[in-house]
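Heads up: numbering here begins at 1 and tracks the sequence.
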Amino acid sequence: MANWLEHSVQVEVDAPIELVWQLWSDLEQMPRWMKWIDSVKVLEDDPELSRWKLASGSLEFTWLSRITKLISQQIIQWESVDGLPNRGAVRFYDRQGKSIVRLTIAYNVPGWLGLLMDNLFLGRVVESTIQADLERFREYINKLQAP
């Protein structure tokens, strides 16, 4: 039985949408601000596919992800095609020199992990982690723009 959890977080970034989009659309840059993402490798023979590795303490998951929707400066939507079941989207909103980044992720909690941890606890940990990831992104982009 599928046990999907979904979380949405957002942050306002003091940067133009073009720069925000440039950074997020380069998937291999994600580990710079996403704490649990150890690596992302876009497949050379099919750039819509990317191999992801998540590592936190003794937990490690990998998956192959396919981009299902891509609209420049608006949305990157994905779903896993093998490995850890997950899907989601990152949406971008232009606010005249500022940008809003809204990240929604959904994942299927493996049965053994669900038995190990209460899903409400796991959900709070994941949501606070991805919110912190967006805060790190804001700091990262601020440093890039610093004179």
Open item on the list: Between Val20 and Ile141, is the side-chain contact (heavy atoms from CB on, under 4.5 Å) condition met? List the steps.
Closed with: CA-CA 8 Å; Val20 171; Ile141 206 165; 3.7 Å; yes

TODO: Might you work through the salt bridge (charged side-chain N to carboxylate O under 4.0 Å, His left out) test for Arg95 and Glu12, ending with a clear yes or no?
DONE: CA-CA 9 Å; Arg95 296 295 183 256; Glu12 185 176 74; 6.0 Å; no

TODO: For Asp82 and Arg51, run salt bridge (charged side-chain N to carboxylate O under 4.0 Å, His left out): C-alpha distance rounded to whole Å, both residues' side-chain angles, the deciding distance at 0.1 Å, then the answer.
DONE: CA-CA 10 Å; Asp82 83 352; Arg51 173 69 58 194; 3.3 Å; yes

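Judged by distance alone, the side chains of Arg102 and Tyr93 never bring a donor and an acceptor atom under 3.5 Å apart. A donor-acceptor contact closer than 3.5 angstrom links the side chains of Glu135 and Gln131.
Judged purely by atom type and a 3.5 angstrom limit, Arg87 has no side-chain atom pairing as donor or acceptor with the backbone of Glu79. The backbone N or O of Val42 sits less than 3.5 Å from a side-chain atom of Glu28, completing a donor-acceptor pair. At distances below 3.5 Å, at least one donor-acceptor pair connects side-chain atoms of Gln145 with backbone N or O atoms of Asp14. Proximity of a side-chain donor or acceptor of Ser65 to a complementary backbone N or O of Ser50 within less than 3.5 Å is not detected. No donor-acceptor pair under 3.5 Å is formed between the side chain of Asp38 and the backbone N or O of Ala55. In terms of modelled atom types and a separation under 3.5 Å, the side chain of Ser99 and the main chain of Ile17 share a donor-acceptor contact.
The shortest distance between side-chain heavy atoms of Asp46 and Arg66 falls below 4.5 Å. For the pair Leu5/Val126, no side-chain contact is recorded, criterion being any heavy-atom separation below 4.5 Å from C-beta on. Counting heavy atoms from C-beta outward, Arg91 and Gln74 have side chains that stay 4.5 Å or more apart. Counting heavy atoms from C-beta on, the side chains of Met34 and Leu103 come closer than 4.5 Å.
Nearest heavy atom pair, residue Pro47 against residue Glu44, reads CD-O, 4.3 Å. Shown here for Trp78 and Thr104, the closest heavy-atom pair between the two residues is CH2-O, 3.8 Å. Minimum heavy-atom separation, Ser39 to Pro31: CA-CG, 3.9 Å. Taking each heavy atom of Ile75 and Trp21 in turn, the nearest pair found is O-CH2, 3.7 Å.
Rounding to the nearest 0.5 Å gives a distance of 6.5 Å between CG of Asp94 and CD of Glu18. To the nearest 0.5 Å, atoms CG (Leu27) and CD1 (Ile76) are separated by 6.0 Å. In this structure, the separation between CD1 on Ile130 and CD on Glu127 is 6.0 Å, given to the nearest 0.5 Å. From Phe92, atom CZ reaches atom OG of Ser25 across 7.5 Å, with rounding to the nearest 0.5 Å. Going from atom CG of Leu23 over to atom CG of Leu144 covers 6.0 Å, rounded to the nearest 0.5 Å. To the nearest 0.5 Å, atoms CG (Asp133) and CH2 (Trp33) are separated by 10.0 Å.
No continuous path of hydrophobic side-chain contacts links Leu64 to Ile37 [ILVMFWY only; heavy atoms under 4.5 Å]. There is no path of hydrophobic side-chain contacts, each under 4.5 Å, that joins Leu49 to Leu84. With hydrophobic clusters built from ILVMFWY side chains whose heavy atoms lie under 4.5 angstrom apart, Leu19 shares a cluster with Val90. Tracing side-chain contacts under 4.5 Å through hydrophobic residues (I, L, V, M, F, W, Y), one never reaches Leu43 starting from Val40; they form parts of separate clusters. Linking ILVMFWY side-chain heavy atoms closer than 4.5 Å, directly or via other members, places Leu134 and Ile100 in two distinct hydrophobic clusters.
Using a 30° and 60° split on the angle between ring planes, Trp52 and Trp63 fall in the parallel class, below 30°.
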